[in-house]
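Throughout, protein chains are lettered first and strands after them, A, B, ... in sequence-line order, and every chain is numbered starting at 1.
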Number of protein chains: 2
Amino acid sequence: MTKILIAEDDDHTRDALREVLTMEGYEVIAASDGLQAVDFFRAENPDFVCLDVMMPGLNGYEVCKQIRRQDEKVPILFLTAKAEEIDTVLGLELGADDYMTKPFGVKEIIARIRAILRRTASRGGGRADDDFTMDDLRIVPTELRAYRDKTEIQLSPRDVKVLRLLSERRGKVIDRNTLADEVWGVDYFPESRALDQHISQLRKRIEKDPAQPRIIRTVHGAGYRFE
Amino acid sequence: MTKILIAEDDDHTRDALREVLTMEGYEVIAASDGLQAVDFFRAENPDFVCLDVMMPGLNGYEVCKQIRRQDEKVPILFLTAKAEEIDTVLGLELGADDYMTKPFGVKEIIARIRAILRRTASRGGGRADDDFTMDDLRIVPTELRAYRDKTEIQLSPRDVKVLRLLSERRGKVIDRNTLADEVWGVDYFPESRALDQHISQLRKRIEKDPAQPRIIRTVHGAGYRFE
DNA sequence: TCTAAATTTTATAAAATCCATAAAAAGAAC
DNA sequence: GTTCTTTTTATGGATTTTATAAAATTTAGA
């Protein structure tokens with residue numbers, strides 16, 4: 001189970017986060033100040049860290065440095081009350097993976113954590129940038145390429161996102177909304193056919209017979225599936 | 001049509017939002033203060049709420065709490081004039097889905113609203129999509145499939161709805177009106193035979209002997225039943 | 001700035017499915 | 001058994017959804 005360390009001095013926020021993340025199926029360790037956070041990190045070796053910037057004693061930046069001294073890979077998400085603090089987070093080159101300004105919605109933070117974990121899983125021992133296979137295709141995200149035997153297929157970053165999403169939930173139907181959300185994000189217009197087009201183009205390149213796709217299958221009225 | 005409730009005391013902003021969102025094809029209800037917003041919410045039951053934080057009388061946070069008391073799912077987007085305003089309240093507790101700081105661009109807010117609606121439409125659709133069994137059939141909603149031993153049976157989203165409804169109230173007779181309401185929605189013609197047609201087609205696929213249905217049984221003059 | 005590649009829009013085609021109709025079958029009432 | 005009502009199902013046109021080609025636009029590099 002994915003273990004998440006939260007460092008947040010405000011009791012309310014901390015409890016809310018703990019509850020929400022536990023509900024989501026994560027194991028949560030919660031620290032109420034920076035020193036405790038560093039201790040907990042050493043003891044528990046979590047897969048993900050959520051750091052409030054403003055904390056008594058050791059602040060979030062300091063905690064981040066301490067953690068990075070020990071583990072340069074674990075994903076770190078900063079929580080800040082003020083947008084201006086973001087600049088500091090970015091400027092210090094602390095190796096933060098993302099940041100959020102308060103207040104944040106439950107869904108928002110869950111989505112971010114999931115996204116970061118997916119993105120960075122390779123560093124933490126998972127496999128987001130790791131190669132994966134779909135049917136007889138070997139996808140190598142770091143090269144933005146796929147291989148079928150020795151033949152190379154060029155892929156765009158977006159291609160990789162689509163394929164990874166389908167691959168991660170093989171057998172499950174990925175509906176168009178989810179695909180739009182995860183791959184295109186906020187700037188996707190529902191009446192656009194960009195998604196179809198992209199799938200179509202991608203199939204042309206990766207499927208042996210694009211008319212009979214084996215990798216990206218259509219589930220009419222629902223979305224796409226791979227298995 | 002998707003109904004959006006706006007609560008915003010500034011006339012100019014409110015009118016602009018109303019116009020823009022109407023142009024986008026949403027039905028807009030606009031309140032100019034918090035009390036009115038709560039009233040309108042009760043009366044209109046909108047699909048989305050846009051709340052200004054600073055409002056005379058009841059502020060946005062209070063309105064949010066009131067709304068959440070009544071509906072814990074409806075997506076809520078906060079509008080704030082200053083980032084610092086946010087600091088005082090934790091979005092987590094209020095169950096806000098997102099927030100924006102003014103001034104915001106038209107495109108930006110539309111994109112956000114669309115994205116939130118997209119997310120909440122596909123995920124928080126409400127009902128759990130856990131697997132369930134009916135007779136010797138195992139239905140897996142996330143895959144839009146059912147399994148009998150190892151053989152797969154493809155299901156449409158509508159098939160799953162029908163089956164889930166029957167399964168949830170096993171033993172009870174589901175009358176045609178209920179079925180039509182729950183599965184087809186408000187706009188269904190009572191004299192239509194579409195429902196029969198659908199049941200017939202579904203039986204062909206899921207029943208071993210469609211002439212002697214064991215999963216979807218007819219209760220003449222009443223509806224259908226599963227047990 | 002120019003060029004090439006990637007992406008999106010537009011337009012049209014193709015596919016899947018939905019549903020109205022009508023005829024047949026089954027059940028209920030008498 | 002006859003008649004009336006309800007349900008089933010075959011058929012084909014309508015509608016919705018998805019696919020693809022071509023053009024337009026945007027993006028990234030040189």
With no hydrogens and no angle check, do the side chains of A:T178 and A:D181 hold a donor and an acceptor under 3.5 Å apart? no
If only side-chain N and O atoms of A:T218 are considered, is one of them under 4.0 Å from the OP1 or OP2 phosphate oxygen of C:dA15? no
N or O in side chain of B:R203 less than 4.0 angstrom from D:dT8 OP1/OP2: yes
Counting any heavy atom closer than 4.0 Å, what does B:R158 reach on the DNA or RNA strands: base, sugar-phosphate only, or nothing? sugar-phosphate
I need the CD-P distance between B:Q201 and C:dA16, as an integer number of Å. 15 Å
Touch check for A:A194, heavy atoms < 4.0 angstrom, all strands: base, sugar-phosphate only, or nothing? base
For a quick test of reading the model: is some side-chain N or O of B:S192 closer than 4.0 Å to OP1 or OP2 of C:dC19? no
Does a side-chain N or O of A:W184 approach OP1 or OP2 of C:dT7 to a distance below 4.0 Å, or not? no
Phosphate OP1/OP2 of D:dT8: any B:Y224 side-chain N/O under 4.0 Å: yes
Do A:Q197 and C:dT9 have a side chain to base donor-acceptor pair shorter than 3.5 Å? yes
A:S200 vs D:dA19: side-chain N/O to OP1/OP2 distance below 4.0 Å: no
Which salt bridge (charged side-chain N to carboxylate O under 4.0 Å, His left out) pairs, counting each pair once, include a residue from residues 132-144 of chain B, with sequence neighbours left out? A:K172-B:E143, B:D131-B:R138, B:D135-B:R214, B:D136-B:R148, B:D136-B:K208, B:E143-B:R145
Distance check needed: C:dA5 C1' versus A:R205 CZ, whole Å only. 11 Å
Side chain of A:R203, backbone of A:I216: donor and acceptor closer than 3.5 Å? yes
Hey, does the side chain of B:D71 reach the backbone of B:K73 with a donor-acceptor pair shorter than 3.5 angstrom? yes
Measure from CZ on B:R176 to P on D:dT5 and round the result to the nearest Å. 16 Å
side-chain N/O A:K204 vs D:dA21 OP1/OP2, d < 4.0 Å: yes
Whole-Å distance between C:dT17 C1' and B:L144 CG? 15 Å
So what does B:A211 hit on the nucleic acid, given a heavy-atom distance under 4.0 Å: a base, only sugar-phosphate, or nothing? nothing
Measure from NE2 on B:H198 to P on C:dT17 and round the result to the nearest Å. 10 Å
Could you state the atom-to-atom distance from CZ of B:R193 to C1' of D:dA10 in whole Å? 15 Å
Are A:Q66 and A:E62 linked by a side-chain donor-acceptor pair shorter than 3.5 Å? no
Calculate the interatomic distance between B:L195 atom CG and D:dT9 atom C1'; express it in whole Å. 14 Å
Integer-rounded Å distance: C:dC18 P and B:D196 CG: 15 Å
